[in-house]
Amino acid sequence: MSVRLRFAPSPTGNVHIGNIRAAIFNWLYARHCGGTFLLRIEDTDLERSTPEAIRTLKEVMEWLGLNYDEPEMYQTSQKDKHLEAAERLVAQGDAYRHAKGGAGGEAVLFRLPWDAEAVPGVAVAGTVEVNLATACTVTVDETGVEFTSAASVSEKTGQGRVEKKCLAGFKDLEVLDENGALLFRLNDAIADVLAGKRREIIGGAAKFRFTQRTVTYRDLVKGELTKPLNSLSDFVIVRSDGSPVFHLGNVVDDVTQGITHIVRGDDHVENTYRHIFLFHALGAAVPQYAHLPMIVNAQGKPYSKRDGDAYVGDFRTKGFLPHALFNYLALLGWSPGDDREKMTREELVAAFSLDRVKSSAAQMDIRKLTDLNGQYIAGLPPAEFASSARGRAEAQPWGARLDAAEFSRVCGLMQIRAKTFADVEGWGFFFTDIPVYDEKACEKLLRDKPVQAALEMFVGDVEKLPADELRAATVEAIIQGITAACGIQQGKLNQPLRVAVTGTTVGAGIYETVEVLGKARTLARLAHVKRFYA
RNA sequence: GUCCUCAUCGUCUAGAGGCCUAGGACAUCGCCCUUUCACGGCGACGACCGGGGUUCGAAUCCCCGUGGGGACGCCA
């Protein structure tokens, strides 16, 4: 059977790095298996969903090459189906209506099945006893069991937390008083309770005794995960205003789209236990689950507004290549098991597997991404590099009218040195008349008298030269002659010359740089820098 | 607070009881190449969270502790 996966973001705000990493893993696994990858936009939160968010989401996916195989599904378009499913659940007795302080009418709640053993993965763990807070009042009705456990009572305040858990969590429940006397036995009343005909309020309770049941599923990355039913509650699937909630929409859509594998952030693990019961009640097979660890920021904390939420589009703005980002993100929390890092998309698809995904959180390291990006840039065909670089350059004040031949010469010098396309913004010294000078570097390199004399000699030599003979080799020869004549140490004139003609201490080879600059600009800049000779 | 979960260099990771004197990559530092800037090459620095167990043998298995994260919504 062919696998079907989906990426199901909610379009509230910008897609961040963690979301898109989940999309990448879904895509990779679908492609690896030769299966289907789908996009579902979970826009049921009308308050926070925006058209801009949907637009940027699709833009980013296209940029990264995350193509999907069927038209995207908008969750809001499935509303009728969701409501229909809710009706069916109510009719089956798997859900019930209840007014719980929400706005207006009754909401629909999904009931964790009393007959839970019918669901694969549910097991009896044994008889357990839970101590309750002193003089605890226990309420039992169709919506669950309400109580305050002794464990939840704070030592400081003496206050406990009132918990409301599902009926299914308390099979064979017996409520006992402090002397161990039986106050209430659930089995005696269960039929009426489930039918909503009976509500029991028990005062002076001290202890619960019940048969504990657990749900277990095998997560493709985290292994076997188990949760006791008595820590689960019935949950709202249709709001009192009639709109379906995430849990319902998500599961119904997964059924509708025939999803076989759910790969998502591990903030969803707790939902999984509930969704398993929903799938079962809907008569559908439970998909395979793979929960991805989260990505944290440089401080080791989850991404927040302060980090700008690591919006994916920002990486594009910062001059990263989509393949590099894709490659880097694929390596966050996953590795092929050998030492490969720079991998083509085909290699990633071939090597990808969910069981090699790590189960601990990973920290995003922009420096490693930058290095990888540099490798990708170095591997670009020169023409492609030049055309991307040109786009960047044209946005600069000095980039309005660039000579194509000159620009491509500069690209030839700079491609191997560029880590991101944002580096292009520092190329201004190639194209302006007088560049921006690094004053500190000038102070350091141009204050030396012998150096100044040597630069003067350089000016003299260049002036004598026809403009079209100022080649890199010529420049090198001139420098060699001068250092020999002045008794300046070999190589000691290069950096002063560099800062004098480019304003900076880093760049391309200085001889090639002077050649590209040409006679006029070189001389103008050397004259400009005389202010440091005082 | 309760439940769940995670833990190898600063960071990403390899590691399935003996191949581990713990491997690779980024970052950092040094050397070489280069009369310069880079690239590249070579090298250095640098980790199994702590404590108990199991075993002839533990980074690896078990327990406890500590620390991190997640979940406990009519958000998704």
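In this text the structure is predicted, and so the values were computed from the model without any measurement.
- Between B:A76 and A:Arg239, a contact under 4.0 Å exists linking OP1 or OP2 to a side-chain N or O.
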Readout for nucleotides 9-16 of chain B: B = base within 4.0 Å of protein heavy atom, S = sugar-phosphate only, - = neither; 5' to 3' it is -BSBSSS-
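- Searching all strands for a Watson-Crick or G-U wobble partner of B:G57 with both distances below 3.5 Å returns nothing.
- With both pairing distances under 3.5 Å, B:A38 is matched to nothing as a Watson-Crick or G-U wobble pair.
- For A:Ile510, whose side chain is taken as the heavy atoms from C-beta onward, the closest listed nucleotide among B:U36, B:A76, B:C4 is B:U36.
- Between A:His268 and B:G70, no base-stacking contact is recorded for ring centres under 5.5 Å apart and planes less than 30° from parallel.
- The residue among A:Ser152 and A:Phe246 whose nearest nucleotide of RNA chain B is located toward the 5' end is A:Ser152.
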Going through the distances and angles, do A:Thr420 and A:Asn373 end up as a side chain to side chain donor-acceptor pair (under 3.5 Å)?
-> CA-CA 6 Å; A:Thr420 73; A:Asn373 199 60; 5.3 Å; no
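- In this structure B:A22 sits in no base pair that meets the Watson-Crick or G-U test at under 3.5 Å.
- In this structure, A:Val269 reaches neither bases nor backbone, as no heavy-atom distance under 4.0 Å exists between it and the strands shown.
- Here the side chains of A:Met294 and A:Tyr303 are not in contact, with every heavy-atom distance at 4.5 Å or above.
- Seen from the ring of A:Phe110, A:Arg274 does not count as a face-on cation partner, given the 6.0 Å and 45° thresholds.
- In this entry B:U2 has B:A71 as its Watson-Crick or G-U wobble partner, both defining distances falling under 3.5 Å.
- Of all the residues in residues 205-220 of chain A, not one reaches under 4.0 Å from RNA chain B with any non-hydrogen atom.
- Scanning all heavy atoms of the two residues, the minimum distance from A:Gln415 to A:Ile377 falls at NE2-O, 2.9 Å.
- A:Ile510 is listed as a side-chain neighbour of A:Val501, based on a closest heavy-atom distance under 4.5 Å.
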Side chain to side chain donor-acceptor pair (under 3.5 Å) between A:His82 and A:Thr44, intermediate numbers included | CA-CA 11 Å; A:His82 302 159; A:Thr44 50; over 6 Å; no
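- Between the side chain of A:Ser240 and the base of B:C74, a donor-acceptor pair under 3.5 Å is found.
- Counting any heavy atom pair closer than 4.0 Å across all strands shown, A:Thr44 reaches sugar-phosphate atoms only and no base atom.
- Cation-pi geometry between A:Arg21 and A:Phe25 is met: under 6.0 angstrom from the ring centre, within 45 degrees of the axis.
- At a threshold of 4.0 angstrom between heavy atoms, the contacts of A:Lys301 are confined to the sugar-phosphate backbone, with no base atom among them.
- Counting any heavy atom pair closer than 4.0 Å across all strands shown, A:Pro302 reaches sugar-phosphate atoms only and no base atom.
- Of the P atoms belonging to B:A16 and B:U54, the separation is 24 Å, rounded to the nearest Å.
- In this view, A:Lys419 satisfies the side chain to side chain donor-acceptor pair (under 3.5 Å) rule with no residue, not counting sequence neighbours.
- Both distances falling under 3.5 Å, in either a Watson-Crick or a G-U wobble arrangement, occur for no nucleotide opposite B:C9.
- Along RNA chain B, the nucleotide nearest A:Gly491 and the nucleotide nearest A:Thr226 are compared for position; the residue whose nucleotide lies closer to the 5' end is A:Thr226.
- The pairing partner recorded for B:A44 is B:U28, the criterion being a Watson-Crick or G-U wobble arrangement whose two distances lie under 3.5 angstrom.
- Within the 4.0 angstrom heavy-atom criterion, only backbone atoms of the sugar-phosphate kind lie near A:Thr505; the bases stay farther away.
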